[in-house]
Amino acid sequence: MIQVLSSDRAMKLSDCVYKGYEAGLKQYHGMMIRGTFSVAVKAAPTRENFLAKLDASEEAAFAKLDALIPDFAALLEGTQAFLKEKGIEK
């Protein structure tokens with residue numbers, strides 16, 4: 001979600017959340033959970049409100065988000081390695 005939000009700064013936050021979900025968790029969820037997620041993502045704040053909570057300026061908020069991307073990538077890589085090791089990765 002953060003990577004999509006940062007790369008397409010005009011996209012609605014709910015669309016960014018859903019694209020992140022599609023890239024990560026969707027493959028592990030059945031029809032009921034996917035439906036629940038689709039409803040829950042509608043509760044996401046607007047992109048402007050989300051960024052305003054992170055910092056006073058949009059540029060400063062994006063700088064904070066961009067700084068998190070390598071940490072999230074490392075966490076995701078570790079999680080995927082663990083799942084693969086346990087034979088859970090699809």
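Throughout, numbering of the chain's residues begins at 1 and tracks the sequence.
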**Student:** Show the nearest heavy-atom pair for residues Ile2 and Phe72, with the distance to one decimal.
**Tutor:**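 Closest approach of Ile2 to Phe72, heavy atoms only: CG1-CE1, 3.9 Å.
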
**Student:** Return each pair, listed once, that meets side chain to side chain donor-acceptor pair (under 3.5 Å) where at least one residue sits in residues 43-53; pairs must be two or more places apart or across chains.
**Tutor:**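 Only Thr46-Asn49, Arg47-Glu58 qualify under side chain to side chain donor-acceptor pair (under 3.5 Å).
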
**Student:** List for me each residue that meets side chain to side chain contact (heavy atoms under 4.5 Å, CB included) alongside Lys64, sequence neighbours excluded, and say none if there are none.
**Tutor:**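 With sequence neighbours excluded, Lys64 shows a side chain to side chain contact (heavy atoms under 4.5 Å, CB included) to Asp55, given in chain and number order.
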
**Student:** Should Met1 and Leu54 be regarded as members of a common hydrophobic cluster, given that ILVMFWY residues are connected when their side-chain heavy atoms come within less than 4.5 Å of each other, either directly or indirectly?
**Tutor:**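 Both belong to a single hydrophobic cluster.
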
**Student:** Quick check: does any side chain N or O of Ser38 sit under 3.5 Å from a backbone N or O of Arg34, one acting as donor and the other as acceptor?
**Tutor:**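 It does hold such a pair.
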
**Student:** Contact between Phe50 and Leu5 at the side-chain level, heavy atoms closer than 4.5 Å - yes or no?
**Tutor:**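 Result yes, sub-4.5 Å side-chain heavy-atom pair found.
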
**Student:** Quick one: pull up CG in Leu51 and CG in Leu13 and give me the separation to the nearest 0.5 Å.
**Tutor:**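 Output value for this atom pair is 7.5 Å.
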
**Student:** Test: side chain to side chain donor-acceptor pair (under 3.5 Å). Region: residues 73-87. Which pairs qualify, not counting sequence neighbours?
**Tutor:**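 Every candidate side chain to side chain donor-acceptor pair (under 3.5 Å) pair involving residues 73-87 fails, so no pair, neighbours aside, qualifies.
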
**Student:** Hey, quick one: are Ile33 and Tyr28 part of the same hydrophobic cluster, counting side-chain heavy atoms closer than 4.5 Å, chains of contacts allowed?
**Tutor:**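 No, separate clusters.
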
**Student:** Would a hydrophobic clustering, with Ile, Leu, Val, Met, Phe, Trp and Tyr connected at side-chain separations under 4.5 Å, put Leu76 with Leu25?
**Tutor:**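 No; Leu25 is not reachable from Leu76 via cluster members.
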
**Student:** Going by the rule side chain to side chain contact (heavy atoms under 4.5 Å, CB included), which residues pair with Ser57 if we only count those two or more places apart in sequence or in a different chain?
**Tutor:**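 Checked Ser57 against side chain to side chain contact (heavy atoms under 4.5 Å, CB included); matches are Glu59, Ala60.
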
**Student:** State the CG-OG distance between Leu68 and Ser6, to the nearest 0.5 angstrom.
**Tutor:**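 Rounded to the nearest 0.5 Å, the CG-OG separation comes out at 10.0 Å.
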
**Student:** How many angstroms lie between atom OG1 of Thr36 and atom CE of Met31, to the nearest 0.5 angstrom?
**Tutor:**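 Output value for this atom pair is 10.5 Å.
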
**Student:** Taking transitive links into account, so neighbours of neighbours count too, which hydrophobic residues share a cluster with Val4 at under 4.5 Å side-chain distance?
**Tutor:**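 Once heavy-atom contacts under 4.5 Å are chained together, Val4 belongs with Met11.
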
**Student:** Which atom pairs, one a donor and one an acceptor, fall under 3.5 Å between side chains of residues 16-24 and the rest of the protein, sequence neighbours left out?
**Tutor:**
residue, atom, partner, partner atom, Å
Tyr21, OH, His29, ND1, 2.7

